[in-house]
Amino acid sequence: MATATAPALNKRIGFLGSGQMAEALARGLMKRGLVSGDRIACNDPNPARTNLFKSFGATPYESNADVARNADVIFVAVKPQHVAQVLSEVRPVLTEGHTVVSIAAGITIDKLVEAAGPDAHVVRVMPNTPCLVGETAAAMCLGGKANADDEKLVRTIFEAVGKIYTVDEKLLAAVTGLSGSGPAYVFMMIEALADGGVRAGLPRDIAQALAAQTVLGSAKMVLETGTHPGALKDMVTSPAGTTIAGVHELERAGTRAAFMNAVVAATDRANQLSKM
């Protein structure tokens, strides 16, 4: 049943491509009570993926056009090189009532509108892999004939699996470099923290659990308190204590600059890929 904070959507959802990200979105929408399985349509060349969707009540279709005919919101969830093809297949059946949402990395609004048609309501979204556990950090921009209603609809959908922000398209590369690629940086940090725990004598399983929970708890403190991360750091660093000794080593190693450089490098690469 829908909760008071997540009213049911009066929309049918279609997925062109039924991979893990599409599955995460579908399951998130169902878990929050926004849609039921029988209001989800999908298509994928891999029968195992469509059978998986069928197992939770979704309806697989033989063609992408049939998915579009049976959906109001169409997610383009295929690899970037296949986006133009699948959009050309659904273009003849698109109407004013359709919202086309692309989660394909690097495919610009101009390319999406060119493939879907100038009258299409197109929204480009950059999610990240924590969508799989209902904690995505995503950003979107609007194109074609997309309007405030489309924006509100997409926001409602993605807030079922995390958080989403509206930005100018020129900033999506930076979103890719920060939150799109960011999980890899955080996984490396968790692995390194766990290795440090093992080096200090902790069993591997306990070290990894402590590292992951520490990152989770710290992130929640930033989000829920609204306090600047630097101020939260200062709360932990007592004079001449253990934490300031560790922070000193991180500063000596250039950790802060390394994270900044990683975001900028990934942003630059995202800009390059969008021009190819």
Side-chain angles (χ1 to χ4, degrees), residues 9-19 21-22 24-26 29 34-35 40-44 61 63-128 131 136 138-176 179-180 270-271 273-276:
L9 281 177
N10 186 27
K11 299 289 183 181
R12 299 168 299 165
I13 309 296
F15 291 96
L16 310 182
S18 305
M21 197 71 79
L25 285 167
L29 291 170
L34 295 183
V35 296
I40 297 175
C42 69
N43 175 260
D44 195 280
Y61 287 94
S63 72
N64 290 317
D66 284 337
V67 171
R69 290 188 185 97
N70 290 277
D72 305 299
V73 182
I74 303 169
F75 279 94
V76 183
V78 296
K79 294 188 181 299
Q81 62 267 32
H82 301 309
V83 169
Q85 176 187 335
V86 299
L87 283 178
S88 68
E89 292 172 11
V90 303
R91 179 171 178 167
V93 300
L94 290 181
T95 69
E96 280 191 1
H98 283 109
T99 302
V100 179
V101 184
S102 172
I103 60 173
I107 305 301
T108 64
I109 285 290
D110 284 346
K111 292 177 181 177
L112 293 170
V113 172
E114 180 181 355
D119 293 326
H121 293 232
V122 173
V123 182
R124 180 184 171 193
V125 177
M126 181 66 219
N128 64 4
C131 179
T136 196
M140 65 172 157
C141 60
L142 311 182
K145 295 294 179 66
N147 55 36
D149 289 338
D150 297 297
E151 180 183 6
K152 181 179 178 181
L153 174 60
V154 173
R155 184 177 306 283
T156 299
I157 289 171
F158 276 89
E159 284 181 348
V161 290
K163 297 182 183 296
I164 188 167
Y165 304 90
T166 302
V167 301
D168 290 336
E169 186 175 28
K170 64 184 179 182
L171 297 177
L172 274 190
V175 172
T176 302
S179 57
N271 277 319
L273 292 174
S274 68
K275 296 173 183 176
M276 293 177 65

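Everything numeric in this text was worked out from a predicted model, so none of it was measured. Values below: every heavy atom of this structure, side chains too, minus hydrogens, waters and symmetry copies.
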Check your understanding: For E96, does the CD atom have more than 12 heavy-atom neighbours from other residues, nucleotides or ligands under 6.0 Å away?
Key -> no
Practice item. Please name the pair of heavy atoms, one in A138 and one in P127, separated by the smallest distance, quoted to 0.1 Å. Key: CB-CA, 3.7 Å
Review point. Under 3.5 Å, side chain of H98 to main-chain N/O of A71, donor-acceptor pair present?
Key: yes
Check your understanding: Side chains of V90 and V67: closer than 4.5 Å at any heavy-atom pair?
Key -> no
Check your understanding: Nearest 0.5 Å, what's the CD1-OG distance between I107 and S102?
Key -> 7.0 Å
**Study point:** Minimal non-hydrogen separation, M21 against C131, with atom names
**Key:** SD-CB, 3.5 Å
Check your understanding: Of all heavy-atom pairs between G180 and M126, which one has the smallest distance, and what is that distance?
Key -> CA-CE, 3.9 Å
Practice item. Determine which pairs satisfy salt bridge (Lys or Arg N to Asp or Glu O under 4.0 Å) with at least one residue from residues 155-173, sequence neighbours left out, and list them in order. Key: R124-E169, E151-R155
Exercise for review: Under the side chain to side chain contact (heavy atoms under 4.5 Å, CB included) rule, what do D66 and N43 come out as? Steps first, then yes or no, please.
Suggested key: CA-CA 9 Å; D66 284 337; N43 175 260; over 6 Å; no
Practice item. Evaluate side chain to side chain contact (heavy atoms under 4.5 Å, CB included) for I40 paired with F15, printing each intermediate quantity in order. Key: CA-CA 8 Å; I40 297 175; F15 291 96; 3.9 Å; yes
Practice item. Could you grab the distance from atom CG of N64 to atom NE2 of H82, nearest 0.5 Å is fine? Key: 11.5 Å
Practice item. Quick one: closest heavy-atom pair of A105 and P80, and the distance? Key: O-CG, 3.4 Å
Point to revise | Residues in side-chain contact (heavy atoms from CB on, under 4.5 Å) contact with N147, at least two apart in sequence or another chain | key: H121, D149, D150
Exercise for review: Verify side chain to side chain contact (heavy atoms under 4.5 Å, CB included) between V78 and V83, making sure each step is shown before the conclusion.
Suggested key: CA-CA 6 Å; V78 296; V83 169; 4.0 Å; yes
**Study point:** Heavy-atom side-chain proximity of L9 to L153 below 4.5 angstrom
**Key:** yes
Practice item. Quick one: closest heavy-atom pair of V167 and A139, and the distance? Key: CG2-CB, 4.1 Å
Study note, to complete from the structure: So CG of L29 and CZ of F158: to nearest 0.5 Å the spacing works out to 8.5 Å
Exercise for review: Can you measure from CD1 (I103) to CG (L25) and round to the nearest 0.5 angstrom?
Suggested key: 5.5 Å
Review point. Can you name the closest pair of heavy atoms from V123 and A146 and give their distance?
Key: CG2-CB, 4.3 Å
Exercise for review: Supply the atom-to-atom distance L172 CG to T108 OG1, rounded to the nearest 0.5 angstrom.
Suggested key: 10.5 Å
Practice item. With rounding to the nearest 0.5 Å, note down the distance linking CD1 in I157 to NZ in K152. Key: 13.0 Å
Check your understanding: What's the verdict on side chain to side chain contact (heavy atoms under 4.5 Å, CB included) for L112 and V100, showing C-alpha distance, side-chain angles and the deciding distance?
Key -> CA-CA 9 Å; L112 293 170; V100 179; over 6 Å; no
**Study point:** Contacts of type side chain to side chain donor-acceptor pair (under 3.5 Å), residue K145, not counting sequence neighbours
**Key:** D119
